[in-house]
Peer 1: 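Shown below is the structure under consideration.
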Number of protein chains: 2
Amino acid sequence: MRPIGAADATCQLRDVLDRVGDKWSVLVMALLGGGPRRYSELQRSIEGISQRMLTLTLRSLERDGLVERTVTPTSPPRVDYALTPVGETLSVEVSSLIRWAEEHREYVATSRLRYDVQTS
Amino acid sequence: MRPIGAADATCQLRDVLDRVGDKWSVLVMALLGGGPRRYSELQRSIEGISQRMLTLTLRSLERDGLVERTVTPTSPPRVDYALTPVGETLSVEVSSLIRWAEEHREYVATSRLRYDVQTS
DNA sequence: CTGTATCCTCATGGATACTG
DNA sequence: CAGTATCCATGAGGATACAG
C-alpha cells in the first residue's frame with residue numbers, strides 16, 4: 001500500500017488538506033454556504049478573525065477556485081464573496097464537519113476531563 | 001445571528017475544529033477507519049510524519065475519546081490503536097473530506113495556476 | 001517496538017497603522 | 001468599506017538522541 005499523503009506529483013493530498021485545515025477556511029466556507037456575503041459581513045460573523053487573516057483566507061480560497069470575488073465599484077466600494085460550484089461541494093463537506101463538532105463537543109470535553117484526571 | 005466560532009462557554013467549536021484541522025489527525029483518523037493499526041504501521045503508512053508528531057497526534061485523539069490505545073506487554077511491546085465508536089463517526093466525515101480532496105485536487109491545481117498567472 | 005526529551009526553526013497569525 | 005503593509009510573538013512541528 002502506498003503511503004497516504006505521499007508527496008509525489010500525482011498525490012498532493014497534503015496541499016488540499018492544508019488549505020482546508022487552516023484556522024479560518026472552514027468557517028468562511030461554512031458561512032458562504034449560506035449564500036454570498038460582503039467582506040464586512042464575514043468579518044462581523046466570524047468571531048476573532050483579523051482583517052489580515054480574513055483577506056488572506058479569502059485570497060487563498062479564491063486562488064483555489066472555491067470562492068469568487070465580485071467588486072461593485074461604488075463609493076464606498078462593495079465586495080461580495082460567493083462560492084463557486086466546486087466551492088459549494090466543499091462547503092457541504094465542511095458543514096457536515098461542523099455539525100459533527102457541534103454534536104460531539106460535549107463528549108470531547110468530557111473525554112478530555114477524564115483523560116486529564118487519570119493521567120495527572 | 002450569533003457569530004460563528006464564538007468563544008463562549010457553550011460553543012467551543014474552535015476547540016474541536018482545531019484538533020481536526022491539525023496537520024496529521026485527519027490522516028490518522030482516515031487510516032484507523034480501515035481498522036486497528038499498530039504504532040509502526042501508522043508511521044510507515046503516513047508519509048513524512050515524525051515519531052514525535054505521531055505520538056502527539058495519537059495522544060490528543062486518545063484524550064478526545066476518539067482513539068483507544070491498547071498495550072500488549074510482550075517483548076518487544078506491541079501497541080494497537082483503534083477508533084472508539086465516536087471516533088468512527090468522525091472518521092466517516094474525515095474520509096469523505098479526503099475523498100473530496102482527491103476528486104478535486106486537479107481542479108484546485110489548475111485554479112492556482114490560472115490565478116498565479118493572472119495576478120503576476 | 002514504542003515511545004520521551006530537547007533543541008531549534010520557521011510559518012501562522014495577531015496587532016497596529018495606513019490607503020484608495 | 002475593503003483592503004495593504006509591517007512588525008513581532010507564539011507555538012507547531014522537524015531533527016536528533018536516548019530509554020524501557
Side-chain angles (χ1 to χ4, degrees), chain A residues 3-7 14-28 31-32 36-64 67-82 115 119-120, chain B residues 3-7 14-28 31-32 36-64 67-82 115 119-120:
Chain A
I4 197 173
R14 240 295 69 78
D15 267 11
V16 181
L17 285 185
D18 277 354
R19 277 305 345 280
V20 172
D22 72 8
K23 191 168 181 183
W24 302 109
S25 293
V26 165
L27 295 179
V28 170
L31 272 173
L32 292 181
R37 296 277 189 276
R38 299 184 57 168
Y39 184 90
S40 47
E41 287 182 293
L42 290 171
Q43 183 154 30
R44 271 196 311 277
S45 301
I46 302 177
E47 182 89 355
I49 195 170
S50 64
Q51 230 168 9
R52 174 185 144 84
M53 287 317 296
L54 179 55
T55 300
L56 284 181
T57 301
L58 288 168
R59 289 287 176 282
S60 292
L61 292 173
E62 192 192 357
R63 178 169 180 258
D64 288 358
V67 158
E68 191 186 17
R69 179 172 178 270
T70 311
V71 183
T72 312
T74 53
S75 175
R78 174 200 176 100
V79 182
D80 288 274
Y81 291 92
Y115 184 93
T119 59
S120 64
Chain B
I4 197 173
R14 239 298 63 81
D15 267 12
V16 180
L17 286 184
D18 278 353
R19 277 308 341 282
V20 171
D22 72 8
K23 190 167 181 182
W24 301 111
S25 293
V26 165
L27 295 179
V28 170
L31 273 173
L32 292 181
R37 296 278 188 275
R38 298 185 57 170
Y39 184 89
S40 47
E41 286 181 293
L42 291 172
Q43 181 151 31
R44 270 195 312 276
S45 301
I46 303 178
E47 182 89 354
I49 195 170
S50 64
Q51 231 167 9
R52 174 185 144 83
M53 286 318 295
L54 179 54
T55 301
L56 284 180
T57 301
L58 288 168
R59 289 287 178 279
S60 292
L61 293 173
E62 192 192 356
R63 177 169 181 258
D64 288 357
V67 157
E68 191 186 18
R69 180 172 178 268
T70 311
V71 183
T72 312
T74 52
S75 175
R78 174 200 177 102
V79 181
D80 287 275
Y81 291 91
Y115 184 94
T119 60
S120 66

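Remember, predicted model here, so these are calculated numbers, not experimental data. Below, chain A is the first sequence line, B the second, and so on; all start at residue 1.
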Peer 1: Looking at CG of A/Leu54 and OH of A/Tyr81, how far apart are the two atoms once the value is rounded to the nearest 0.5 Å?
Peer 2: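 Spacing of CG (A/Leu54) from OH (A/Tyr81) equals 7.0 Å.
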Peer 1: What bend angle does the helix from C/dC1-D/dG20 to C/dG20-D/dC1 show across its length, from five-pair end axes and to the nearest 10 degrees?
Peer 2: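 Rounded to the nearest 10 degrees, the bend comes out at 50°.
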Peer 1: For B/Arg52, which residues count as a side-chain contact (heavy atoms from CB on, under 4.5 Å) partner, sequence neighbours excluded?
Peer 2: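 Scan of B/Arg52 (side-chain contact (heavy atoms from CB on, under 4.5 Å), adjacent residues dropped) gives B/Ser50, B/Leu56.
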Peer 1: Would you check if A/Tyr39 and A/Leu58 make a side-chain contact, meaning some heavy-atom pair closer than 4.5 Å?
Peer 2: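 Yes; the side chains approach each other to less than 4.5 Å.
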Peer 1: How many Å lie between CD on A/Glu62 and P on D/dA2, as a whole number?
Peer 2: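 Going from A/Glu62 (CD) to D/dA2 (P), I get 15 Å.
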Peer 1: Return whichever of A/Gln51 or B/Ser40 has its heavy-atom-nearest nucleotide of DNA chain C closer to the 5' end.
Peer 2: B/Ser40
Peer 1: Between P on D/dA2 and CZ on A/Arg37, what's the gap in Å once rounded to a whole number?
Peer 2: 14 Å
Peer 1: Does the side chain of A/Ile49 come within less than 4.5 Å of A/Lys23's, by heavy atoms?
Peer 2: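 Sidechains of A/Ile49 and A/Lys23: no contact.
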Peer 1: Could you check whether any side-chain heavy atom of B/Leu17 comes within less than 4.5 Å of a side-chain heavy atom of A/Leu27, counting everything from C-beta outward?
Peer 2: yes
Peer 1: Listed in order of residue number, which residues of residues 71-80 of chain B have a non-hydrogen atom at under 4.0 Å from DNA chain D?
Peer 2: B/Pro77
Peer 1: What do you reckon, is CD of B/Gln43 surrounded by more than 12 foreign heavy atoms closer than 6.0 Å?
Peer 2: yes
Peer 1: Look at the side-chain N and O atoms of B/Tyr81 and state whether any lies under 4.0 Å from the OP1 or OP2 oxygen of C/dG3.
Peer 2: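 It does, given that an N or O in the side chain of B/Tyr81 lies less than 4.0 Å from OP1 or OP2 of C/dG3.
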Peer 1: Tell me the interatomic distance from A/Arg59, atom CZ, to D/dA5, atom P, rounded to whole angstroms.
Peer 2: 11 Å
Peer 1: I need the B/Met53 CE to B/Ile46 CD1 distance, nearest 0.5 Å.
Peer 2: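 Atom-to-atom, B/Met53:CE and B/Ile46:CD1 are 11.0 Å apart.
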Peer 1: Only counting residues at least two apart or in another chain, list the ones meeting side-chain hydrogen bond (donor to acceptor under 3.5 Å, both in side chains) with B/Arg19.
Peer 2: B/Asp22, B/Ser25, B/Asp64
Peer 1: Between D/dT4, C/dG3, C/dT2, which nucleotide has the shortest distance from any of its atoms to the side chain of B/Arg69?
Peer 2: C/dG3
Peer 1: Using the side-chain heavy atoms of B/Tyr39, tell me which of these nucleotides is nearest: D/dA2, C/dT2, D/dG3.
Peer 2: C/dT2
Peer 1: Count the heavy atoms of every other residue, nucleotide or ligand shown that sit under 6.0 Å from CD of A/Glu62, and state whether that count exceeds 12.
Peer 2: yes
Peer 1: Rounded to whole angstroms, how far apart are CZ on B/Arg44 and P on C/dT2?
Peer 2: 9 Å
Peer 1: Ignoring hydrogens and geometry, is there a side-chain-to-backbone donor-acceptor pair from A/Tyr115 to B/Ser60 under 3.5 Å?
Peer 2: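 Looks like no, no N/O pair under 3.5 Å.
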Peer 1: Could you state the CD-P distance from A/Glu41 to D/dG3, rounded to the nearest angstrom?
Peer 2: 13 Å
Peer 1: I'd like a list of close polar pairs between nucleotides 8-15 of chain C and the protein, N/O only, cut-off under 3.5 Å.
Peer 2:
{"from": "C/dG13", "atom 1": "OP1", "to": "A/Lys23", "atom 2": "N", "distance (Å)": "3.3"}
{"from": "C/dG13", "atom 1": "N7", "to": "A/Arg52", "atom 2": "NH2", "distance (Å)": "2.5"}
{"from": "C/dG14", "atom 1": "OP1", "to": "A/Lys23", "atom 2": "NZ", "distance (Å)": "2.9"}
{"from": "C/dG14", "atom 1": "O6", "to": "A/Arg52", "atom 2": "NE", "distance (Å)": "3.1"}

Peer 1: Separation of A/Leu42 atom CG from D/dA2 atom C1', in whole Å?
Peer 2: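 Rounding to the nearest Å, CG of A/Leu42 and C1' of D/dA2 are 12 Å apart.
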Peer 1: In chain order, what residues pass the side-chain hydrogen bond (donor to acceptor under 3.5 Å, both in side chains) check against A/Arg38, with sequence neighbours excluded?
Peer 2: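 So A/Arg38 forms no side-chain hydrogen bond (donor to acceptor under 3.5 Å, both in side chains) with any residue.
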